[in-house]
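Reading through the structure tokens given below for one structure.
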2 protein chains.
Amino acid sequence: MLQIDLDRSSPVPLYFQVAQVFEKAIMDGVLKPGERFENELALADRLNLSRPTTRRAIQELVDKGLLVRKRGVGTQVVQAPVHRPVELTSLYDDLARAGQEPATRVLDYAVGPVADDVAAQLNLAAGTEVVTVRRLRFSGGQPLALMTNHLPVNLAPEREELERSGLYQALRSRGVHIRLARQRIGAKSADRDEAKLLDEKPKAPLLVMERTAFDDSGRAVEYGSHVYRASRYYFDTTLVDR
Amino acid sequence: MLQIDLDRSSPVPLYFQVAQVFEKAIMDGVLKPGERFENELALADRLNLSRPTTRRAIQELVDKGLLVRKRGVGTQVVQAPVHRPVELTSLYDDLARAGQEPATRVLDYAVGPVADDVAAQLNLAAGTEVVTVRRLRFSGGQPLALMTNHLPVNLAPEREELERSGLYQALRSRGVHIRLARQRIGAKSADRDEAKLLDEKPKAPLLVMERTAFDDSGRAVEYGSHVYRASRYYFDTTLVDR
DNA sequence: AAGTGGTCTAGACCACGCA
DNA sequence: GCGTGGTCTAGACCACTTA
């Protein structure tokens, strides 16, 4: 039986505190794959929490793909080695967290009227001025990705800022909080330019991601079209049927 | 102001009925991108629903990436043309829904001891017997994907079943309900075999998806490694930061 | 100060799966 | 029938944003 200490004076929500303890327990193998999970009522009673609060904590873990519930039966830990789920972060954050020492070279930084396809993605009027940036991202000293981004001029970070930090971090420091992103993931062959920059052979396979990001007022803030070396990158996702 | 009729005798949850009406309104453009959304209290009052129920309906749409909320400010419709989000379905379902008349050719169907990497994914003991299936999926008369799946023998559908329907559908009819999948998406070049089967040139770019699927008791049910023609397929995903 | 969303409670009734 | 999760109510207090 897992010991859980709650801090009711903390600003961290109770359901989140509970979820975190269980998440760690599952990740650390304290709760074993396939094991029966404490039922909602008993857990609520044990923690002196209301059932909805307890339920929400459990639901967090179901949404993360760590638990599975079956009506009339119970809740169980999913049987699998877990990887980190995809989150709404930039590649820079991903790499920094993995200790990969990312570095960025800004190849181009231009201001000009928006292209039609980009205007559609960003929901901008034709002819609006946007900043277009092309960056080469390295990790472990090797090129990893070629990234092209388009942003409204009033939001775009300076060129120097983009060398130092990730795009999303730069936007955050300007008070822009990315809350939502729609992505399309595909594949293509490297053209000569891409191959040269990424240190691959022409026609090498590349992973393509196009992304439109929205801030917390629902405004389209950024459209990016990125190519990754297939030999060095992939995306993990977890899908839950509710 | 959107007219909403609720059926309290329906087995469909109230929060779901509400969410559906608003989802349709947003998709149809009745609620316009960027528009202010009715606040929670007022909506609950108008619909004669409790606030938690109303809140849950709204939260569904936030999770789907249609609405964005900001504390102290309000709720707004996201500014963007929406695409269909990724759901937990198989390629067969996807294509059938899109009216693409999918067809399947089963290339191989073999029973044998599990390979080590597959055993790890499915959480099986070394040497357990599994069914390995290789299928070629067509849409619109053209090859689209080459799919390799591994399943415990007691769960595997018959060969004939796989020609007729999708894998997940066949599993459903055996009482196996897929609830969770972990996927890894990458890219590679077609080898000679793949190129021939998919009607592409050798070294053509392919989208690779590896997936482990789990049923509603958390058991690993299926591991698949699939390659798609990059010219004909991609994945859409929506990420929400909560 | 007013209005918004975020969290939490203490119950209730129902639907489902299983013994 | 019993235990499980799924839904729903009618409130409460708090945190944050904007005016």
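Residue numbers start from 1 in every chain, and the chains themselves are labelled A, B, ... in the order their sequence lines are given, proteins ahead of strands. These numbers come from a predicted model, not from an experiment.
- The nearest whole Å value for the distance from the CG atom in B/L41 to the P atom in C/dG3 is 11 Å.
- Salt bridge annotation for A/D241-B/R179: absent, with no cationic side-chain nitrogen under 4.0 angstrom from a carboxylate oxygen.
- In this structure, A/D216 atom CG and C/dT4 atom P are separated by 18 Å, rounded to whole Å.
- Relative orientation of the B/Y233 and B/Y228 rings is parallel, given thresholds of 30° and 60° on the angle between their planes.
- Taking every heavy atom of residues 43-54 of chain B and every atom of DNA chain D, pairs under 4.0 Å involve B/L49, B/S50, B/R51, B/P52, B/T53, by number.
- Side-chain N or O atoms of A/D117 include none that pairs as donor or acceptor with a backbone N or O of A/A120 at under 3.5 Å.
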Given B/F235 and A/F235, is the ring pair (Phe, Tyr, Trp, His ring centres under 6.0 Å) satisfied, shown in steps? CA-CA 11 Å; B/F235 293 94; A/F235 293 95; over 10 Å; no
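- Of the candidates A/R71, A/R69, A/R56, A/R69 is the only one forming a salt bridge (Lys or Arg N to Asp or Glu O under 4.0 Å) with A/E40.
- Between the A/R211 side chain and the A/I185 main chain, no donor and acceptor come within less than 3.5 Å of each other.
- For DNA chain D, the span of nucleotides reached by chain A at under 4.0 Å from its heavy atoms goes, 5' to 3', from D/dG3 to D/dT7.
- With sequence neighbours excluded, the residues satisfying side-chain contact (heavy atoms from CB on, under 4.5 Å) with A/A119 are A/V114.
- Of the possible polar contacts, one joining the A/E161 side chain to the A/E158 backbone as a donor-acceptor pair under 3.5 Å is found.
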I'd like a table of atom pairs between the protein and nucleotides 15-19 of chain C - only N or O on both sides, under 3.5 Å - with the distance next to each one.
| from | atom 1 | to | atom 2 | distance (Å) |
| --- | --- | --- | --- | --- |
| C/dA15 | O4' | A/R71 | NH2 | 2.7 |
| C/dC16 | O4' | A/R71 | NE | 3.2 |

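- A salt bridge links A/R46 with A/E38: the distance from a Lys NZ or Arg NE/NH1/NH2 to an Asp or Glu carboxylate oxygen falls below 4.0 Å.
- For DNA chain C, the residues of residues 2-19 of chain A within the heavy-atom distance limit of 4.0 Å (strictly under) are A/R8, A/P13, A/L14, A/Y15, sorted by number.
- A donor-acceptor distance shorter than 3.5 angstrom exists from the side chain of A/D215 to the backbone of A/G218, with no hydrogens or angles considered.
- In this view, A/F214 satisfies the ring pair (Phe, Tyr, Trp, His ring centres under 6.0 Å) rule with no residue, not counting sequence neighbours.
- Across all strands shown, A/R55 has heavy atoms under 4.0 Å from base atoms, whether or not it also approaches the sugar-phosphate.
- Counting only distance, with no hydrogens or angles, the side chain of A/Q17 and the backbone of A/L14 share no donor-acceptor pair below 3.5 Å.
- At distances below 3.5 Å, at least one donor-acceptor pair connects side-chain atoms of B/T54 with backbone N or O atoms of B/S50.
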